[in-house]
Amino acid sequence: MTAVPALEVRGLRKRYDTGVEALKGIDLSVAEGDFFALLGPNGAGKSTLIGIISSLVNKSEGEARVFGIDIARQRNLAMRQIGLVPQELNFNQFEKPLEICINYAGFYGIARDEAMRRAKQELERAHLWDKAQATSRTLSGGMKRRLMIARAMMTQPRLLILDEPTAGVDIEIRRGMWRALREINAAGTTIILTTHYLEEAETLCRNLAIIDHGQIIEHGPMRSLLAKLDVESFLLDVEASENVLLPTVPGLTLTRQDANTLDLSMPHSMDFNRVFAALDGAGIRVRSMRPKSNRLEELFVRLIGPKGAA
Ligand code: ADP
């Protein structure tokens, strides 16, 4: 027996009243327990897709199932499986985190004792328990975003969906959120994260789909997508005198980042020994090398052009 996917989308279309075709027949499948990235540039259709899955936007055609539950036929049951973290902070900033979580649970009919137990669990997981009684307005930007996650988890959703949760947020705050999300995923909740931060998807997610102009242009494991790159990029830690000229090797791109770091891109098929021999011949000794971390960015550029990586 095959397991029921956390999300199954078939032939999903959305045409807004304005005539904009935001989704042009999307097929998508996300396995239970997955940490899945939905990547795409602005205007690609990510929010529309998330909106349809979470019943905030009406679809025009096609179907979507959450754990096998049809979102159109059993809307309420489907919605109960989902926790949604919207992009904007939308809690009452004058309330305390504990109140925010408990009131949210109350809205979903969860008894107060149980809500209290869950609030403690979720605020602890979000590293916010010591701020449970603080006025939310006084929390840092990162804490406010983790509070949004803790609140969404109050209904114990099997699928947590985050719509660009880290847009415009600095790297420290993003790391704090990543930690919280990893814990939630490790405890069994399926996560779908929409983002246009490629590094974020590469760091967190096992599978991904790339959406552009309302169509899925890639869908599969992160690893096999990255393997599609026929160029590998590395950072080389080198010893070289300052005025040394970088060697020219056909097919190889070599640029200087700083006095001791070179940026190297080369085809998979190229032999490292050739590269090292060329560097050696130019008086450059390689102390160490590491793969560049932004390979997904390269993939993105290859698939949809430089505009997508902006
Ligand atoms: P993303 O989340 O990837 O940035 P969206 O789903 O927000 O993309 O938008 C996809 C397309 O649909 C865009 O062309 C956008 O302008 C359009 N769109 C989004 N929401 C609406 C709406 N409520 N009414 C009309 N057009 C919309």
Side-chain angles (χ1 to χ4, degrees), residues 6-30 34-66 71-72 75 78-79 82-90 145 148-149 152 157 159-169 173-174 177-178 181 190-205 207-220 222 225 294 296-297 299-310:
L7 177 69
E8 184 83 36
V9 165
R10 289 286 158 249
L12 203 60
R13 289 180 182 273
K14 175 64 186 179
R15 181 191 284 272
Y16 284 104
D17 294 343
T18 52
V20 171
E21 253 203 288
L23 298 179
K24 298 171 183 160
I26 297 273
D27 294 331
L28 195 65
S29 181
V30 178
D34 202 357
F35 202 140
F36 189 93
L38 187 62
L39 271 175
N42 279 334
K46 302 183 296 297
S47 297
T48 300
L49 179 56
I50 296 301
I52 291 173
I53 297 162
S54 47
S55 291
L56 301 171
V57 174
N58 290 323
K59 63 185 166 61
S60 305
E61 254 179 64
E63 59 179 53
R65 291 170 189 277
V66 180
I71 58 152
R75 180 170 182 265
M79 280 178 79
I82 297 174
L84 183 65
V85 180
Q87 196 173 335
E88 311 80 37
L89 300 174
N90 66 351
R145 286 176 192 271
M148 299 267 288
I149 297 174
L159 172 62
L160 183 67
I161 302 177
L162 300 105
D163 191 3
E164 304 227 14
T166 52
V169 170
I173 294 178
R174 285 160 62 196
M177 290 186 69
W178 295 351
L181 292 175
T190 308
I191 299 183
I192 298 178
L193 175 77
T194 82
T195 182
H196 58 251
Y197 288 115
L198 309 165
E199 177 211 6
E200 184 158 271
E202 193 174 9
T203 306
L204 288 173
C205 301
N207 293 289
L208 86 167
I210 300 178
I211 180 169
D212 188 38
H213 290 103
Q215 284 172 313
I216 301 283
I217 55 170
E218 283 290 337
H219 183 204
M222 185 76 67
L225 275 166
N294 69 346
L296 190 61
E297 183 121 9
L299 173 70
F300 211 51
V301 173
R302 265 151 209 276
L303 290 170
I304 58 182
K307 68 181 169 58

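One-based numbering, in listed order, for ligands and for the atoms of each. Model, not experiment: these values are computed from the prediction. Scope of the values below: all heavy atoms of this structure, side chains included, with no hydrogens, waters or symmetry mates.
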In Å, rounded to the nearest 0.5 Å, how long is the span from [atom1] of [X] to [atom2] of [Y]?
{"X": "Lys59", "Y": "Glu61", "atom1": "NZ", "atom2": "CD", "answer": "9.0 Å"}
{"X": "Trp178", "Y": "Leu193", "atom1": "CH2", "atom2": "CG", "answer": "10.0 Å"}
{"X": "Ile191", "Y": "Leu204", "atom1": "CD1", "atom2": "CG", "answer": "8.0 Å"}

Is there a donor-acceptor pair closer than 3.5 Å between any side-chain N or O of Lys46 and the backbone N or O of Leu39? no
Polar side-chain atom of Arg75 near backbone of Ser55 as donor-acceptor pair, under 3.5 Å: yes
Counting only heavy atoms and a distance below 4.0 Å, can you name the residues contacting ligand 1?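 Only Tyr16, Thr18, Val20, Ala22, Pro41, Asn42, Gly43, Ala44, Gly45, Lys46, Ser47, Thr48 have heavy atoms that fall under 4.0 Å of ligand 1, ordered by chain and number.
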Return the set of residues passing side chain to side chain donor-acceptor pair (under 3.5 Å) with Ser47 (not counting sequence neighbours), or none when no residue passes. Asp163
